[in-house]
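Not measured: the values here are computed from a predicted model. For the single chain, residues carry numbers from 1 onward in sequence order.
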Amino acid sequence: MQEEPTARAALLESFAARIATHQRRITQLTARLRKTEYARLLVFLALPTLTWNGYQNGYTPWLLAALGAGLAAFVGLICRHARLRERIAHQRHRVTLNRWGIARMERHFEELPECPATLRPLFDKQDWDINLFGPASLGQLLFNQSTGLGEQRIARWLTEPAQGDEMISRQAAIAELVSKVDLRQALSAHALQLNSRAYDLNRLASWIVRADEHVFPPWLVALVLVVTAASVCSVIAVAGGLLPAQALLGCIGMNIVFYGLKAKTWHRVFEGADDTADALNGLSDWLALASRQAFSSPRLNMLARRLKPAGVTPAVAIRRLDRILGYARLRHNPTISVFAQALLLWDFHSAHALARWKRAYREQLPDWLEVVAELEAISAFAGLAHENPQWCFAQLVDEPRISAQAASHPLISPAHAVANPIDLAPGQVTIITGSNMSGKTTYMRTVALNLRLAQAGSVVAARSFSFGRLRLVSSISVSDSLEHGLSYFMSEIMQIRTVIDTARQSPVPVLYLLDELLKGTNEKERNLAIIEILRTLCAHQALGMLTTHNIDLAKAPGLKGLVRNIYFEESFVAGQETLRFNYQLRQGISRNTNAIRLLRSMGVLSGE
């Protein structure tokens with residue numbers, strides 16, 4: 001499937017233009033950041049000067065006012081500095097996302113992040129075989145643009161086929177987000193902010209459901225409030241000369257005793273919530289942006305409504321949580337923490353505030369995080385559709401078959417991919433013959449990856465694609481196992497048994513992909529065994545493909561009426577010892593071989 005050069009060039013230019021725009025914004029914001037730093041330094045130097053002047057000459061009203069204004073300006077400049085740094089980081093993430101967009105379009109997988117290691121357990125060996133996950137895989141085109149929650153949802157969509165109305169709902173939502181590039185990139189930039197600080201929203205999801213009420217019984221809360229009030233009053237009274245210092249020491253002693261007895265219990269309240277960085281700002285900004293959107297598709301509209309509760313908005317609630325955690329981080333500063341605990345029992349009040357927040361939003365937060373996961377998955381697949389405008393949405397049909405026009409391999413650049421039809425029917429095996437490197441296994445992976453995309457509700461690399469409910473099983477990459485004491489042949493037998501058992505037991509029709517079966521045995525027994533395997537699969541109304549170099553197998557009488565033969569071929573440039581592959585699918589059986597020519601073209605054989 002050759003993509004129109006003008007549409008492709010326009011997309012690449014749009015990514016480049018966005019990179020230039022965000023880089024200009026970074027330059028502008030960096031200049032403002034430097035000015036803010038200079039202003040903060042001047043105010044910082046002015047404050048001790050004013051203080052010394054007051055110490056020497058007395059604190060006149062104007063001087064006190066100047067000191068107050070200076071302190072306010074200093075705090076304001078600190079806040080402004082933090083906001084500018086966040087905005088610069090956001091713009092840098094936008095630059096990164098657009099560079100990744102170009103790399104995805106060009107299929108420069110080496111310029112993309114690897115698939116997240118945390119998702120590895122969600123994908124089995126078959127997924128690696130078809131390049132669904134791993135290096136240079138479909139996963140690299142979809143992952144690393146979302147939070148951990150979104151990536152897990154993407155993985156689930158890729159490995160668990162959607163059914164009927166669910167697939168149609170996903171397709172409508174993905175189609176609506178395709179053109180909303182700014183929204184998708186802004187959401188992804190907020191997600192990258194969370195990811196850059198190694199913050200895992202799954203920890204927050206686990207933390208919110210853990211009960212902490214037993215940590216703060218009413219009698220303890222009342223007692224600590226009384227002790228804290230007494231400490232504050234003692235400080236004021238001692239400072240005013242109304243009480244001796246011993247009174248304050250008594251309150252401090254009581255606070256220290258409380259802290260020693262209960263500190264570990266209070267600190268457990270913080271476990272699972274982020275108390276090391278301001279990562280939750282990214283989540284708050286994500287929720288604020290998403291909640292402002294208006295959508296037309298039912299799925300997206302429903303998600304947006306879930307972010308618009310009657311009371312406090314999700315973004316405001318998360319900002320409150322981040323503020324509480326900011327107060328809690330004071331305990332990591334030993335110098336200040338000693339006085340805060342001794343005078344105010346600071347950790348108690350921080351932990352109690354956190355427990356109150358949890359109690360208030362225990363029901364809502366899981367729902368908000370569910371929206372994050374769902375919208376990020378939709379956004380990732382919408383990005384795939386945007387970067388591949390010639391792809392189409394698949395159609396789910398009742399019959400268990402696959403039919404496609406101009407289908408190509410999703411991992412080959414659309415500018416170079418060669419499109420071929422797909423036609424697989426139940427109870428029939430498609431045998432693919434052809435010489436080495438002609439494209440047989442690539443064609444099988446084309447079918448497998450497009451089916452997985454179709455089952456996820458995504459666009460597929462085809463002009464048209466229809467499919468029924470199917471379960472995919474394969475035997476493509478086989479290796480021996482020293483760890484389990486398995487030879488190559490035994491490993492292959494176990495994979496074939498899995499394919500056959502699945503065809504026998506699956507309530508859903510099976511699509512099988514078999515690559516060069518039983519290479520570890522003699523040809524006579526191999527052919528007999530393969531014929532029996534294929535007859536068994538066809539008897540269970542499975543549909544699938546087998547690649548082979550064996551022409552006799554393709555026309556075996558034992559498979560009469562069960563086989564459809566297709567092949568790939570190449571041309572040989574006379575006098576140059578060069579093979580040219582066109583990767584065009586043809587009907588029938590290949591008669592070509594190229595092993596000797598390949599060995600000669602690589603200089604292995606001299607040709608003498």
Side-chain angles (χ1 to χ4, degrees), residues 96 99-161 188 191-192 195 376-377 380-381 383-384 387-388 391 407-414 416-417 437 439-456 458-461 471-484 486 488 491-492 494-495 498-499 511-516 545 547:
T96 298
R99 285 175 176 163
W100 287 351
I102 294 174
R104 286 192 297 269
M105 286 192 66
E106 301 286 5
R107 302 304 192 263
H108 291 166
F109 292 99
E110 70 281 358
E111 298 177 13
L112 295 170
E114 296 179 356
C115 292
T118 54
L119 300 178
R120 187 184 298 264
L122 303 179
F123 294 88
D124 58 23
K125 182 183 181 302
Q126 175 180 271
D127 298 327
W128 286 73
D129 288 348
I130 65 174
N131 301 129
L132 188 68
F133 188 82
S137 67
L138 187 60
Q140 277 194 277
L141 301 183
L142 291 167
F143 295 129
N144 298 300
Q145 309 169 68
S146 313
T147 65
L149 293 175
E151 291 181 338
Q152 288 181 350
R153 185 59 51 87
I154 294 168
R156 186 193 303 173
W157 285 15
L158 288 173
T159 56
E160 299 177 8
S188 291
L192 291 185
N195 296 343
E376 285 189 323
F381 283 101
L384 186 68
E387 293 158 10
N388 300 277
W391 292 10
S408 61
H409 196 297
L411 303 184
I412 299 175
S413 170
H416 305 293
M437 299 169 57
K440 301 186 299 296
T441 306
T442 298
Y443 181 69
M444 286 207 306
R445 289 192 172 109
T446 295
V447 175
L449 287 174
N450 279 310
L451 177 63
R452 285 297 182 89
L453 283 171
Q455 291 174 331
S458 170
V459 290
V460 298
R471 179 175 177 180
L472 175 65
V473 290
S474 68
S475 176
I476 296 178
S477 299
V478 181
S479 61
D480 55 5
S481 174
L482 293 176
E483 179 183 0
H484 297 98
L486 296 177
Y488 178 93
S491 295
E492 190 171 21
M494 292 181 68
Q495 282 199 21
T498 298
V499 172
L511 168 67
Y512 56 89
L513 305 175
L514 308 175
D515 188 30
E516 294 289 347
M545 295 185 290
T547 64

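- Contact check for Tyr443 versus Met545: side-chain heavy atoms found under the 4.5 Å cut-off.
- Ring geometry, Phe133 versus Phe123: the interplanar angle falls under 30°, so the pair is classed parallel (tilted spans 30 to 60°).
- Counting non-hydrogen atoms of neighbouring residues, nucleotides and ligands closer than 6.0 angstrom, the CD atom of Glu111 exceeds 12 such neighbours.
- Taking OG1 of Thr96 as the reference point, atom CD of Gln145 lies at 12.0 Å (rounded to 0.5 Å).
- In this structure, Leu453 and Leu384 have side chains that are in contact, with non-hydrogen atoms separated by less than 4.5 Å.
- Looking only at distances, no side-chain donor or acceptor of Asp127 sits under 3.5 Å from a matching main-chain atom of Thr159.
- Counting heavy atoms from C-beta on, the side chains of Ser137 and Cys115 come closer than 4.5 Å.
- No side-chain heavy atom of Leu514 sits under 4.5 Å from any side-chain heavy atom of Ser474.
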* To do: Just do the side-chain contact (heavy atoms from CB on, under 4.5 Å) check on Leu449 and His409 with the steps written out, would you?
  => CA-CA 8 Å; Leu449 287 174; His409 196 297; 3.5 Å; yes

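- A donor-acceptor contact shorter than 3.5 Å is absent between the side chain of Arg104 and the backbone of Arg99.
- When atom types are taken as modelled, the side chain of Thr547 and the backbone of Thr441 share no donor-acceptor pair closer than 3.5 angstrom.
- A donor-acceptor pair under 3.5 Å is absent between the side-chain atoms of Asn144 and the main chain of Leu112, judged by distance alone.
- Contact check for Pro135 versus Trp128: side-chain heavy atoms found under the 4.5 Å cut-off.
- Without hydrogens or angle criteria, Gln126 side chain to Leu472 main chain gives a donor-acceptor distance under 3.5 Å.
- Ring planes of Trp157 and Phe381: parallel class, angle under 30° (limits at 30 and 60°).
- Counting heavy atoms from C-beta outward, Val473 and Thr498 have side chains that stay 4.5 Å or more apart.
- Of the possible donor and acceptor atoms, none in the side chain of Gln455 sits under 3.5 Å from a partner among the backbone N and O of Pro161.
- Judged purely by atom type and a 3.5 angstrom limit, Thr446 uses its side chain to pair as donor or acceptor with the backbone of Thr442.
- Here CD of Glu151 is found 14.0 Å from CZ of Arg156. Values are rounded to the nearest 0.5 Å.
- Salt bridge annotation for Lys440-Asp515: absent, with no cationic side-chain nitrogen under 4.0 angstrom from a carboxylate oxygen.
- Arg445 places none of its side-chain heavy atoms less than 4.5 Å from the side chain of Leu411.
- Contact of the Leu138 side chain with the Leu158 side chain is registered, since non-hydrogen atoms from C-beta on lie closer than 4.5 Å.
- For the residue pair Ser475 and Gln495, a side-chain donor N or O sits within less than 3.5 Å of a side-chain acceptor on the partner.
- Between the Gln140 side chain and the Phe109 main chain, a donor and an acceptor come within less than 3.5 Å of each other.
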* To do: Evaluate the side-chain contact (heavy atoms from CB on, under 4.5 Å) criterion for residues Thr147 and Glu376: first the C-alpha distance (whole Å), next the side-chain angles of each, then the deciding distance (0.1 Å), finally the verdict.
  => CA-CA 8 Å; Thr147 65; Glu376 285 189 323; 2.6 Å; yes

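- Under the 3.5 Å distance criterion, the side-chain polar atoms of His108 are left unmatched by any main-chain donor or acceptor of Glu110.
- Summarising the geometry, atom CE belonging to Met444 is positioned 11.0 Å from atom CD1 belonging to Ile130; distances are rounded to the nearest 0.5 Å.
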